[in-house]
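Worksheet: the structure to be examined is printed underneath.
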Number of protein chains: 4
Amino acid sequence: MADTEARIRAAAIRLWAERGFHGSGIRELAEAAGVSSATLYHYMGTKEDLLAAIMRDGLLRLLELARAAVKPAQGTEERLSALVQLHVLTHAVRPEQTRVVDWEMRSLSTEHAAEIVALRDEYELLWQEAIDEGCRSGLFRPAHPRVARLALLEMCNGVAHWYTPDGPLTLEELALRHTEMALALLGVAVPVGVDVVRRCRDLITLMWTD
Amino acid sequence: MADTEARIRAAAIRLWAERGFHGSGIRELAEAAGVSSATLYHYMGTKEDLLAAIMRDGLLRLLELARAAVKPAQGTEERLSALVQLHVLTHAVRPEQTRVVDWEMRSLSTEHAAEIVALRDEYELLWQEAIDEGCRSGLFRPAHPRVARLALLEMCNGVAHWYTPDGPLTLEELALRHTEMALALLGVAVPVGVDVVRRCRDLITLMWTD
Amino acid sequence: MADTEARIRAAAIRLWAERGFHGSGIRELAEAAGVSSATLYHYMGTKEDLLAAIMRDGLLRLLELARAAVKPAQGTEERLSALVQLHVLTHAVRPEQTRVVDWEMRSLSTEHAAEIVALRDEYELLWQEAIDEGCRSGLFRPAHPRVARLALLEMCNGVAHWYTPDGPLTLEELALRHTEMALALLGVAVPVGVDVVRRCRDLITLMWTD
Amino acid sequence: MADTEARIRAAAIRLWAERGFHGSGIRELAEAAGVSSATLYHYMGTKEDLLAAIMRDGLLRLLELARAAVKPAQGTEERLSALVQLHVLTHAVRPEQTRVVDWEMRSLSTEHAAEIVALRDEYELLWQEAIDEGCRSGLFRPAHPRVARLALLEMCNGVAHWYTPDGPLTLEELALRHTEMALALLGVAVPVGVDVVRRCRDLITLMWTD
DNA sequence: TATGAATGAGATTTCATTCAT
DNA sequence: TATGAATGAAATCTCATTCAT
């Protein structure tokens, strides 16, 4: 079977999101993936190698999407909105993988950690640049830009914690509410415009077709 | 030694904050506490009992302080400000314990989880009430109050993640910036008043003498 | 039980002499020692730690006896005879431990190897000194002293290979024949004297009472 | 590739000489031979089959050469000299294979062991016959012929242990010194004759062209 | 001829826990 | 109050081997 690797990866994400990397063993993983524990090692290298691969994938994908969302010359407000929506939607649509990415950094040994931390820093830099740009243009007025970035990211990470598609909140509402809150937090009082809504819908479509 | 129990608890908090509950064994714990692993069981019951005790303590303390901060008849703004400051300062001053409280809920088995989750819910209710009250009074205008509460809590939890007293930010700045961001997020554009600053200083004193 | 450690060590020596260090697992060892495999780790550290301990012990004992045998001012012939007899008798009386010492050096990782190799070198130096001294005095006439030392040691090591106390050869005969062969190999044609025989008997008594 | 089998065999000899049969796995073997581990099984049958084949080859070759060296009607001294030189040179020129032959007998299961042990016994019989013949003729005077044979063989086996062609000793010196020591050990005090030296040189040429 | 996929059994080691002292 | 001894169960990972392709 060629999809064995995919099954293993999916099972690992599910288990580790739920019980943590150290909280679930290789045998559970094998059973969840429907293979023997020896077969696991055919595909994953070490348990930790698999963790690193999962985190790397998640971060690379996020980074790629974020760069695409930020690249085109656009207004400061749209730029930050795009980052917020992308982040929030990713965390809502793939909560398990993002939980692993966000919470299992400490389970990496130093060799793997270096690479993964670098990717995360690269991603967060896009946020910082968007915020700084907004400050320069006078649109954003946070008392402390770096603290604002950290606060925003933590706030948006939280979505993977609590959001469930079965609840009363649609993905669009979720993303728009976070966009509003983020802008408000940065000192922008205006309600989100119609183009932001349209862009958000495009993003949701993109996430599901991808 | 009468402080053996305290040493054990401190060691557990340190270890579990750093490596996670499942990521560190009781032998490490014993060594870190300077006792034999058998002695551990004199004090802690099960490993999980100790985890529950640590979480219970942290939550009870937070709850008690939060109730004290919220009880006196006071304005909506001060009420929320007090909660934010208390939460942020607790997470800044005791990052290890709060990390354990915030992140190790999934490591509890169902028996313990019920009690701890109830405490957390009780605490979060204080936030929801403060927010709802602000909405009723017209001061807060979040598009979705429950989402706002979740966003605020995640944002404030994050402090335990990244704040370090060695950095450029004083505790007071940290707390005030978060107060401002929280109010802004809820639609209040006013800068924090002098009484909020005073109250914040009192709180910082309280945290250190306690 | 205080002798658990002794039982473990004895079992390890027996197993590793017979099947090799890598040829027998920890479970066999546990069963042979009459404990659980977890208990093993209470005493031995790592499997390799136990190997190093066994080798260290064997070499230290041999070294101590060799120094005692060589120290007193005595003739060149007696000095070498003492070394040969000590070595041969040790290999005959404790064939299993000596086989482990002689053959499992390659199973040690570099950290352990350094210490053990140093001990072995120290021991072999006593032989080299005895041979060189005999060459200086003109009693020994090997064409190549270093080769002679290596040849002698290999010859005497072999005893652990093939000697069995159930066979037709007594310990005394074994030791005396090897003394003769060693001296002959070094160019001394005289038969062993009565004092060498006496000394050999003393040594045999010593080995058994120790 | 037709030399795949040769590569596998060479890799096995190298690995097993260095780390032992049980000390190296078939994955290492596959990698060292440059094939997949599945391909191994095309050529070697079982891992143990390969070990038996390697030992069989080594012993058959030694036996054949020894018979050729001993057959022609010749003097007792030359006969033993030829055996010593052949043995020593083989162990010096092919140390890895001889180490495997000499040290991995215990890794054979009983089925294979019977055949291999028989070959070894056949070879050692040639030595015993040469020694006994020398005793009958009065040239050799060992106190115990069987012990002498064992001592000689162990001494000569040792060469595979310590000899290195990079050292100060040429192959010719190595072989001649051992011839002298062997004869001395058997009670023959005469230095080796010029014909023995000539024969030794022939043998060295033979070993390298073969 | 060669290999990737797969595995049951077993490797060494650590787990949380108990208990007699 | 404190611990060394002990363990069943489970941890991660490797073993030699088979088989369809």
Side-chain angles (χ1 to χ4, degrees), chain A residues 1-5 8 21-30 33-51, chain B residues 1-5 8 21-30 33-51, chain C residues 1-5 8 21-30 33-51, chain D residues 1-5 8 21-30 33-51:
Chain A
M1 271 177 258
D3 63 338
T4 302
E5 187 170 12
I8 290 174
F21 179 74
H22 288 303
S24 48
I26 227 70
R27 304 222 268 237
E28 290 166 273
L29 177 54
V35 294
S36 78
S37 66
T39 298
L40 244 41
Y41 285 83
H42 202 45
Y43 291 95
M44 75 176 186
T46 307
K47 190 191 178 192
E48 203 198 311
D49 288 342
L50 179 55
L51 175 59
Chain B
M1 276 174 255
D3 64 339
T4 302
E5 187 169 13
I8 290 174
F21 179 74
H22 287 305
S24 48
I26 60 145
R27 296 226 268 247
E28 289 166 274
L29 176 53
V35 295
S36 80
S37 66
T39 299
L40 244 40
Y41 284 82
H42 233 294
Y43 293 95
M44 75 176 187
T46 306
K47 188 190 178 192
E48 203 198 313
D49 288 342
L50 178 56
L51 175 60
Chain C
M1 271 178 257
D3 63 337
T4 302
E5 187 170 12
I8 291 174
F21 179 73
H22 288 304
S24 48
I26 226 72
R27 302 220 268 238
E28 291 165 272
L29 177 53
V35 294
S36 80
S37 66
T39 298
L40 244 41
Y41 285 82
H42 202 45
Y43 290 95
M44 75 178 187
T46 309
K47 190 191 178 192
E48 204 198 311
D49 288 341
L50 179 55
L51 175 59
Chain D
M1 274 175 256
D3 64 337
T4 303
E5 187 170 12
I8 291 174
F21 178 75
H22 287 304
S24 48
I26 61 146
R27 296 226 268 246
E28 288 166 275
L29 177 53
V35 294
S36 80
S37 66
T39 299
L40 244 40
Y41 284 82
H42 233 294
Y43 292 95
M44 73 176 189
T46 306
K47 188 190 179 193
E48 204 198 311
D49 288 342
L50 178 55
L51 175 59

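Residue numbers start from 1 in every chain, and the chains themselves are labelled A, B, ... in the order their sequence lines are given, proteins ahead of strands.
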Sequence-distant partners of Glu48(B), salt bridge (Lys or Arg N to Asp or Glu O under 4.0 Å), two or more places apart:
none
Phosphate OP1/OP2 of dA5(F): any His42(C) side-chain N/O under 4.0 Å:
yes
Would you say dA2(F) has OP1 or OP2 under 4.0 Å from some side-chain N or O of Tyr43(B)?
yes
Only counting residues at least two apart or in another chain, list the ones meeting side chain to side chain donor-acceptor pair (under 3.5 Å) with Thr39(C).
Ser36(C)
What stems show up for DNA chain F when you take Watson-Crick pairs (N1-N3 plus N6-O4 or O6-N4) and G-U wobbles (N1-O2, O6-N3), both under 3.5 Å, and require three or more consecutive pairs?
E:2-21 with F:2-21
Residue pair Ile8(A) / Leu29(A): nearest heavy atoms and the distance that separates them:
O-CD1, 3.8 Å
Between protein and nucleotides 13-21 of chain E, map the contacts as a letter string: B base, S sugar-phosphate only, - none, heavy atoms under 4.0 Å, written 5' to 3'.
BB-BBBB--
Of the candidates dA2(F), dG4(E), dT3(F), the side chain of Val35(B) sits closest to dT3(F)
Nearest 0.5 Å please: distance from the CD atom of Glu5(C) over to the CG atom of Leu50(C).
8.5 Å
Could you pull out the closest heavy-atom pair between His22(C) and Lys47(C), with the gap in Å?
CA-NZ, 4.3 Å
Rounded to the Å, how far apart are Leu40(D) CG and dG4(E) C1'?
15 Å
Closest non-hydrogen atom pair between Tyr41(C) and Thr46(C), with its separation
CE2-CA, 4.5 Å
Would you tell me if any nitrogen or oxygen in the side chain of Thr39(A) comes within less than 4.0 Å of OP1 or OP2 on dT7(E)?
yes
Ser37(A): what forms a side chain to side chain contact (heavy atoms under 4.5 Å, CB included) with it, not counting sequence neighbours?
Ile26(A), Ala30(A)
